[in-house]
Structure formats: structure tokens, C-alpha cells
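All ligand and atom numbering here is 1-based and tracks the order in the structure.
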Amino acid sequence: MHPDAATRHEWRLLLAARPALAALLLGGRAAVPLRRVPRLGWVSADPLVAREVLTDHRSFTLLGEGGVGHLWAQVLGDWVYDLFDGAGHHDLRTRARDLFTEATAAALVRGAWSQRLAQAREALAAGETVDVADLARVLVGRMLASLLGLGDLDDDRARALFATGERLAATALGSAADTTLTPAAVAGAKAIVDDLTRGVPDAWAHAGPETLLGRCRALGLGLRETTGLSALLMVAGTETAASAMGRTVALLHDTGAQHRLLADPAALPDAVREGLRVTTPAPVIGRSVRRDVTVAGRRLRAGERIVLLTWTANTAPGGFDLDRPYLPENRQLWFGAGRHLCLGAPLARAELGALLEAVTAAGRPWTVVRRAPARRALVPTYRELSVRIA
Ligand code: HEM
């Protein structure tokens, strides 16, 4: 295969983030429907197998060794087990159903971003160089502050908040092979969570129902659940969202699809969907096998692990293409599937859409002036993506 320029740029991001991850995702193409790999356990890059595993809650869990629940229970406490996968999870998801709808997500983005995005639009229209990767981190930092009740932040404080969320997520670095944390990692992560959620008790008690934390209270979520959920939002919705934002702006440029989008702004939802598919910012999802089960003709045993290569499954149909129809097999596998399907999906889509709207607002194409990948990152992403409108 001779990858095109856009694909090569994406591969470089994977490689810079973690060479082992790039090898797994690219080499994992052969893991269809399912393969056994030494040290990793079962591996699959098949979208149908991935959905089967993610929706079979009786046979697979994220609480065991190899799942994020196991990871976070060490940081947040054993009550996480119930909140992540037990009856508490069902209750939380039922109550939280309306936390992020298309409408609330749009309102959150407007509230936290409109001023900063207007500034970026003006800078781009004036022909200034804008680092979209940095802009994405600033915007996501502002969103975090707004979700966590930490107020309105200037760019530097938004960057610092983003970096703190990133440090917390870094706790999970290397967890593809092992989710047992060292005592030092647990202590470090605990300190970060305490710091980041310091505004939660007050906002939970006093904030109005138009805020996320006020809504948590109104939905009947206790302070502990609200604090846990806040920590989760921070980890799940920080680097993933910023990564999709920078990379989709690059993909629109590298594939030339920006010209189509500029001529037809109604294609924006397609750009958002394709951007999420091709980047799949959470590139692997891990589960442990809860009970013996047969998948794609292979016998999986209780206690074993399975790694789903969602990036590999989502990119197999081909590169970024605004004309690509909806792919029923992949659906929205970039947000997972089943009971843990991304809670913030509407917010992530609204965030990406708002950034693309700002970048295309001038109606003229942009060029990439400079780009650099993030090295040793949990989520493959651009450290810098400086663009300019001619
Ligand atoms: C492009 C951006 C995003 C991507 C690709 C993404 C992807 C995912 C994926 C794949 C999962 C499932 C993990 C699993 O099954 O083990 C997940 C779960 C989750 N995401 Fe997202 N996410 C994004 C943005 C966000 C945002 C912005 C938020 C909220 C602010 C968020 C909050 C969550 C939460 C709370 C969960 C856990 C849900 C549960 O376990 O029930 N995510 N996300």
C-alpha cells in the first residue's frame, strides 16, 4: 500500500505518540476477526467483533485487569466499581442521559467558547498564523473549567488546566499491557483529582440548573458520584477532543477536502463524522473476559483480556472523504458501543463542529505553515498545527 500524504501525516502522529501503539494499530490489520497475541491477549480489529464484545456486558467487563475501571478504582476508590459497571453505572447513565444532548452541548460550546472562537476567526480572516493545536487545547481547557465550575479562564490558565487533565490521563500510559498502577502513580493521580475537583462541592451545592454540576444535583446525583463523574469527564474528554480538532483541520487540508467544505458548508456534519472516524482519538478499547465465551469461533476464557483496535477497524474502509456514506458496520465505533458508549459524544461533535465552522468562516482555504506531532502522548495528536489563510 502507498499511503497518501494525509495518511502519512496521521501515521506519523501515531508513531510519535508511542511506537508500540503505531505497531499495534498498523500491524493489527491482520487481527480480523480475532487473534491471540503474546503479552496482550486477544486482539481484534474487526468492527463487528468490537461491537459484539462492547455490547456483551455479561461476558466482558472494564472492571477487571485490562480495563479502565480497574485503573480508576485504584485512584478514586473501590466505589468506582459500582459506578463504572454495576447497578450504580446503570443508575448514573440513566440520570445522566440528558447531561449532554445536542441542545445542551451546543449551549455549553456557545457559553464557553463563542468569545474565544470569534477572536480566532478574526485572526484567521486577517491572515495571521494560528496554531490550531494550541487553540484546541485552550478551548478544551475553557470547556473543562466551565464543566467543573472553575469559572472563565484566560488562555494561559486554560492551557494549564488542559495540561493537568493530560497529566491525569497520563496515569493510563502503558495501560494497554497492564492496568495495575504503582503506589506513586496512584498518589500522584489522587492529588491531581483532588486539585481539579476542588470547585465541585461548592458548585454542586449552589450552582444553578443551567450549569453541568447544578444539573447533576438536580438529577439526584450525590456529591461523590458528581465528583467521580467530573474526574471522568476530565480524563475522557480532554485529549480526545483536542486531538480530533487539530487532526481534522489537518486532514481537510491534506486531502484537499477543505475546498469542498468551503464551497458547501452543509457538508460540515460529514466533515465532523469523517474526522472522528479517521482520527479515532481513543484508538484502542480494552476489556477483560468475565466468563468463558465464544467469539468469532474462538473460545475466550474468564480472566483473559481483549484489546479492540478501534482505530484500525475505523480506518480500514479508507481515508478521509466527505462523500463517504455512513458505514453501518462501524457506526460510531470511535465513541465505543454498548453501555459505556461515550457520554460526551454530543459535546465532542459540537466542539469539533464549532472549531471547523470558525476555521472555514472566512470562506477561503488555509495552508499549513508548520506542524509537529506530540511525542510520548497518550492520545496521538499535534503539538503544533499552525495554519494561515492566504
Ligand atoms: C473526540 C472526542 C472523544 C472521543 C473519541 C471519545 C471516545 C470515547 C470512548 C471510545 C469511550 C468508551 C470507552 C470504553 O468503552 O472503554 C468513551 C467513554 C466516555 N467518554 Fe468519551 N470521547 C470523546 C470526548 C468526550 C467528551 C468531550 C466527554 C465529556 C466531557 C467524554 C466523556 C466520556 C465519559 C464520561 C465516558 C465513560 C462512559 C461510561 O463508561 O459509561 N468523552 N469516550
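- When each of Arg287, Arg339, Arg93 is checked for a salt bridge (charged side-chain N to carboxylate O under 4.0 Å, His left out) with Asp85, only Arg339 meets the rule.
- Counting heavy atoms under 4.0 Å from ligand 1, residue Phe335 touches it through both backbone and side chain.
- For the residue pair Asp56 / Ser59, a side-chain donor-acceptor distance below 3.5 Å is found, with atom types taken as modelled.
- The two residues Leu232 and Phe84 come nearest to each other via the heavy atoms CD1-CZ, 3.3 Å.
- With a heavy-atom cut-off of 4.0 Å, Thr280 does not touch ligand 1 at all.
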- Task: Would you sort out whether Glu10 and Thr279 count as a side-chain contact (heavy atoms from CB on, under 4.5 Å), showing the intermediate values?
- Result: CA-CA 8 Å; Glu10 276 290 302; Thr279 63; 4.2 Å; yes
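- Interface of His340 with ligand 1, defined as ligand atoms under 4.0 Å from a residue heavy atom, comprises 12 (C), 15 (O), 18 (C), 38 (C), 39 (C), 40 (O), 41 (O).
- Contact annotation: for Met143 versus ligand 1, there are no heavy atoms closer than 4.0 Å.
- Contacts of Ile285 with ligand 1, taken as heavy-atom pairs under 4.0 Å, involve the side chain alone.
- The protein heavy atom nearest to atom 24 (C) of ligand 1 is Thr240 OG1, 3.6 Å.
- Closest to atom 27 (C) of ligand 1, if we only count protein heavy atoms, is Gly237 CA, 3.6 Å.
- Side-chain contact, Thr129 with Arg388: a donor N or O sits under 3.5 Å from an acceptor N or O.
- Not a single heavy atom of Arg349 sits less than 4.0 Å from an atom of ligand 1.
- Every atom of ligand 1 is numbered from 1 in the order shown, and the set under 4.0 Å from a heavy atom of Pro281 is 5 (C).
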- Stepwise, does the salt bridge (Lys or Arg N to Asp or Glu O under 4.0 Å) test hold for Arg167 with Asp195? CA-CA 12 Å; Arg167 270 209 320 282; Asp195 180 38; 5.9 Å; no
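- Of all protein heavy atoms, the one lying nearest to atom 7 (C) of ligand 1 is Trp334 O, 3.5 Å.
- Atom 43 (N) of ligand 1 has its nearest heavy-atom neighbour, among Cys342, Ala282, Ala348, in Cys342.
- The atoms of ligand 1 that sit less than 4.0 Å from any heavy atom of Arg339 are 41 (O).
- Pairing each heavy atom of Arg324 with each of Pro317, the nearest pair is NH1-O, 3.1 Å.
- Atoms of ligand 1 lying under 4.0 Å from at least one heavy atom of His89, given by number and element, are 39 (C), 40 (O), 41 (O).
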- Query: Stepwise, does the side-chain contact (heavy atoms from CB on, under 4.5 Å) test hold for Tyr382 with Arg247?
  - Reply: CA-CA 7 Å; Tyr382 282 106; Arg247 288 161 78 185; 3.9 Å; yes
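- Closest to atom 38 (C) of ligand 1, if we only count protein heavy atoms, is Arg93 NH1, 3.2 Å.
- A salt bridge links Glu102 with Arg349: at least one charged nitrogen is closer than 4.0 Å to a carboxylate oxygen.
- Annotation: atom 1 (C) of ligand 1 to nearest protein heavy atom, Leu276 CD2, 3.5 Å.
- Looking only at atom types and distance, the side chain of His340 has a donor-acceptor partner in the side chain of His89 under 3.5 Å away.
- Under a 4.0 angstrom heavy-atom cut-off, Arg287 registers as being in contact with ligand 1.
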- Query: Can you list the steps and then say if Phe60 with Val293 is a side-chain contact (heavy atoms from CB on, under 4.5 Å)?
  - Reply: CA-CA 9 Å; Phe60 298 95; Val293 59; 3.7 Å; yes
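- Taking each of Leu62, Leu343, Val379 in turn, the one with a heavy atom nearest to atom 36 (C) of ligand 1 proves to be Leu343.
- Of all protein heavy atoms, the one closest to atom 29 (C) of ligand 1 is Leu233 CD2, 3.6 Å.
- Nearest heavy atoms, Gly319 versus Val278: C-CG2, 4.1 Å.
- Remark: minimum distance from atom 33 (C) of ligand 1 to any protein heavy atom is reached at Ala236 CB, 3.4 Å.
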